[in-house]
Amino acid sequence: MSDNQPSAEKQSYDFAEIEARWLPYWEKAGTFVVDEDDPRPKKYVLDMFPYPSGDLHMGHAEAFAMGDVIARYERMRGNNVLHPIGWDSFGLPAENAAIKNNAHPAEWTYRNIETQAASFKRYGLSMDWTRRLHTSDPEYYRWTQWLFLQLHRRGLAYRKDAPVNWCPSCQTVLANEQVVDGGCDRCGTAVTKKSLNQWYFKITDYADRLLDDMDQLEGAWPERVLAMQRNWIGRSTGASVRFQVEDAEPIEVFTTRPDTLYGVTFMVVAADAPLAMELVTEAQREELEAYRERLKSVSEIERQSADREKTGVLLGRHAVHPLTGESIPIWASDYVLADYGTGAVMGVPAHDQRDLDFALTMGLPVNVVVDTGEEHPAVSGTATAGEGTAVNSPKWEGLPKQEAIARAVQVLEESGAGEATVNYRLRDWLVSRQRFWGAPIPIIHCPDCGEVPVPEDQLPVALPTEAKGEDLAPKGTSPLGGMSEWVTADCPACGGAATRDTDTMDTFVDSSWYYLRYLDPTSADQAFPTEAANRWMPVDQYVGGVEHAILHLLYSRFFTKVLYDIGLVNFTEPFKALLNQGQVLNGGKAMSKSLGNGVDLAEQLDAHGVDAVRVAMVFAGPPEDDIDWQDMSPAGSAKFLARAWRVAQDVTSSPGTDPASGAAGLRAAAHRTVADAEQLIADQKFNVVVARLMELVNAARKEIDSGAGPADPAVREAAEVTAQLLSLVAPYTAEDMWAMLGHEPSVANSTWPQVDESLLVQDTVTAVVQVKGKLRDKLEVAPDISEDELEAAALALPKIQRYIAEDGGVRKVIVRAPKLVNVVTG
RNA sequence: GCCCGAAUGGCGGAAUUGGUAGACGCGCUCGACUCAAAAUCGAGUACCUCACGGUGUGUGGGUUCGAGUCCCACUUCGGGCACCA
């Protein structure tokens, strides 16, 4: 290793030279390649894989710096660490670039991947590059298709006609989760509704498990992510109630407030649901059709606005109240959602604000059936939805809310008019897309046999490689549909002429299982090896942005549960712990081209060095907080790194020197730093780890310059500890220090320093003396001082005696030996 | 509207279980070295007060010998969901 040792004469810290020395070394030595047969405990540390949009940016730099701290720490702690990298490489931007440049999306995609890969390597991440994967490789999406077929086989992938979210700009459908504030989450265009036949995954079958299994994640996932998922799944308990209808099928509704049943004065069905057309009388048909026509021009953003004026059409038909036999008018309105519950609701205007707004607009009666002590809703305009006592409700008169609900359910069940029900906000996952650059859905449509899965041995259904430019332009139907040679296929069942399904899968399908593919990314026999999955999974630490709090994480959790049910894995949650790193802002705002406040990562790396940028990222604040580039100082970080490096350079003792005889103060500082770092890393306070390291470097500097001198064994010990701890954040500098100190590379594979507990025991501790809770004096005492001794010493202090005399004597003394005495006077 | 989270010097942020508020860094001031500069090293830096001392962790209350930390009410900011019956 003599090649790697800097020459003996003093040089100055040169990050470029240090980077040039170690980057090729790690690659050549395979420092971070995982040994599957390593018997040590496993740790799977995973960063959310990037989308290849141009080069890496500041956000990547932060997130991957955090993940690498954890991976490197776990490695030095004696674990066999799997820390892989790959690319989420299907998706729209590649397709748009291809249309613009008259090229195939693969060109843009793989060029960007190479750029990013080179940047990731330069960034010094402790990745196992041999496991690299790309979701757009046929070798990968073959298995995405295979998984689709497994879901299909179990009835979890199905097609239905339904109103779907449609982005007029991207010319494709969107999942519910991809509609943000009524707009497309990619381009922001207002989403419209369109009735289409589309593929869905039946995630709703897993709603309960997705909720209940969150118990496993409690404490290890950010609370807000768990809250968002709970909210998204939105379980509400209540009752189904059936209302008989004159000359038609009964209408079933869902309600969370069956106790308000006596307050029903009307019913409403979703105007855009087929049910409305079924119920409408001939006399009202024309009016309903006109209303439905008007609704088509209303954007989702408008429609979702809660304070919008209520509109609706009377259907001319009446339902029968199941308890009173009263006749109830049925309306159609757009304030009722077609795809939640049954698409119909019972209107209880007194106790539901939306129903009240509707009733007041249409002049419908408002009957109070829960006495909450508030003003009559018809007068106040505010529905009373809170706690209260049932009134005008013969079968549960006088009961408080919760009891009334229970009683109402019982009454409904006895009368056969309804039963207790659970409803979810979660909808099935719409997975088909009318775009080119994704995994084709492996289904063949046969005029005789219908929907036929592509046989597994014929996977992958590969994308055409010659398509380019205008071939890929969005047309409202999949571009694949225009490639007739590709579309034509023989039916696998009957051999007759048939056509391929021309839609591709949502890219979130690709990313729902990639963490399993890393376990054997090149396998041509299986999606992933079950044995290795059960050994490596679940991921011990997942790191990524909070923007995936719902979509990707929910889908991955769903996939894992499906795989568990199929018997392919023996765990039910994919990610044991989750760290959401914050964003890198500039001037309080997210960096963006339109604001012109972007900071180029490569320029910063050139100017300050990789390590300085990484230290700046980690030191700027707690990992989960947003950090602002304006508040950061990569130059300051570089200064610290140079300081640390010089400490190692100044060490004159030989490697292997016994530290026992070294300066006691510095030894204690070094061991205290290691002990603190362990706790701080467990608490994910990486910024404080850096602060502690700065203190240690300062202490070592002082010892060298004005203490025991550079030859003191404690200086070597401190330098070694610094190199090891620093390697979590600044791998290049640390590696160079480690080599200067005469050790074999790599510091990344060195053993985490052992804390000598006896060095942490201090000779004296500072006891604070308070009078009535205010700090008045301090005492240096032995750590094992008795309470009586400490009290006596404190009371004997002249300053304290003065306060006692002034304040009228001692009333009480609280002693917490050896840290504190509080004298209560008066 | 509902659900989460946050608020500490000029700035980013520290502060196991309630027990020295402001670690560490940035910035700023001064000094050493230098012909000079850079780099480096050292000292100082919450606020008020000449000082003794006093005041201080978004606001107002409370619990406690003692509160940044616990409880109640509120304010502001950030995030999520939202006509989900």
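Numbered from 1 within each chain, the chains take letters A, B, ... in sequence-line order. Just so it is clear, the values below take in all heavy atoms, side chains as well, and ignore hydrogens, waters and symmetry mates.
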Once you round it to whole Å, what is the distance between [atom2] of [N] and [atom1] of [X]?
X: A/Phe640; N: B/G12; atom1: CZ; atom2: C1'; value: 17 Å
X: A/Arg811; N: B/U64; atom1: CZ; atom2: C1'; value: 13 Å
X: A/Ile550; N: B/A82; atom1: CD1; atom2: P; value: 8 Å
X: A/Asp705; N: B/G42; atom1: CG; atom2: P; value: 7 Å
X: A/Arg776; N: B/C52; atom1: CZ; atom2: C1'; value: 12 Å
X: A/Met228; N: B/G79; atom1: CE; atom2: C1'; value: 8 Å
X: A/Leu585; N: B/G78; atom1: CG; atom2: P; value: 13 Å

Return the nucleotide paired to B/A6: Watson-Crick means purine N1 to pyrimidine N3 with N6-O4 or O6-N4, wobble means G-U with N1-O2 and O6-N3, both under 3.5 Å.
B/U76
Which atom pairs, one a donor and one an acceptor, fall under 3.5 Å between side chains of residues 815-826 of chain A and the rest of the protein, sequence neighbours left out?
unit_1   : atom_1 : unit_2   : atom_2 : d
A/Asn822 : OD1    : A/Lys772 : N      : 3.4
A/Asn822 : OD1    : A/Gly773 : N      : 2.9
A/Thr825 : OG1    : A/Asp807 : OD2    : 3.4

Given B/A85, is OP1 or OP2 found less than 4.0 Å from the side-chain N or O atoms of A/Tyr335?
no
Taking OP1 and OP2 of B/C65, is either one under 4.0 Å from a side-chain nitrogen or oxygen of A/Lys772?
no
When you compare [N] with [M], how far apart are their [atom1] atoms, in angstrom units rounded to a whole number?
N: B/G44; M: B/C26; atom1: P; result: 16 Å
N: B/A85; M: B/U75; atom1: P; result: 27 Å
N: B/U69; M: B/G18; atom1: P; result: 12 Å
N: B/C47; M: B/C11; atom1: P; result: 11 Å
N: B/G56; M: B/A21; atom1: C1'; result: 9 Å

When you check the side-chain N and O atoms of A/Glu780 and A/Thr764, is any donor under 3.5 Å from an acceptor?
yes
Would you say the side chains of A/Thr204 and A/Asp428 form a donor-acceptor pair under 3.5 Å?
yes
Restricting to side-chain contact (heavy atoms from CB on, under 4.5 Å), what partner residues turn up for A/Pro329, sequence neighbours left out?
A/Phe266, A/Leu314, A/His318, A/Trp331
Sorted by chain and number, sequence neighbours left out, side-chain contact (heavy atoms from CB on, under 4.5 Å) with A/His608 holds for A/Gln604, A/Ala612, A/Pro634, A/Ala635
How would nucleotides 15-28 of chain B be written as a contact map, 5' to 3', with B for base contact, S for sugar-phosphate-only contact and - for no contact, using protein heavy atoms under 4.0 Å?
SB--BB--BBSS--
At 4.0 Å (heavy atoms only), tell me whether [X] reaches a base, stays on the sugar-phosphate, or touches nothing.
X: A/Arg230; answer: nothing
X: A/Ser236; answer: sugar-phosphate
X: A/Pro622; answer: sugar-phosphate

State plainly whether the residues A/Lys799 and A/Asp777 are in salt-bridge range, i.e. N to O under 4.0 Å.
no
Protein-nucleotides 3-9 of chain B N/O pairs closer than 3.5 Å?
none

Taking the six-membered ring for Trp, are the ring centroids of A/Tyr200 and A/Trp429 within less than 6.0 Å of each other?
no
Just to verify, what does A/Asp628 make a salt bridge (Lys or Arg N to Asp or Glu O under 4.0 Å) with, not counting sequence neighbours?
none
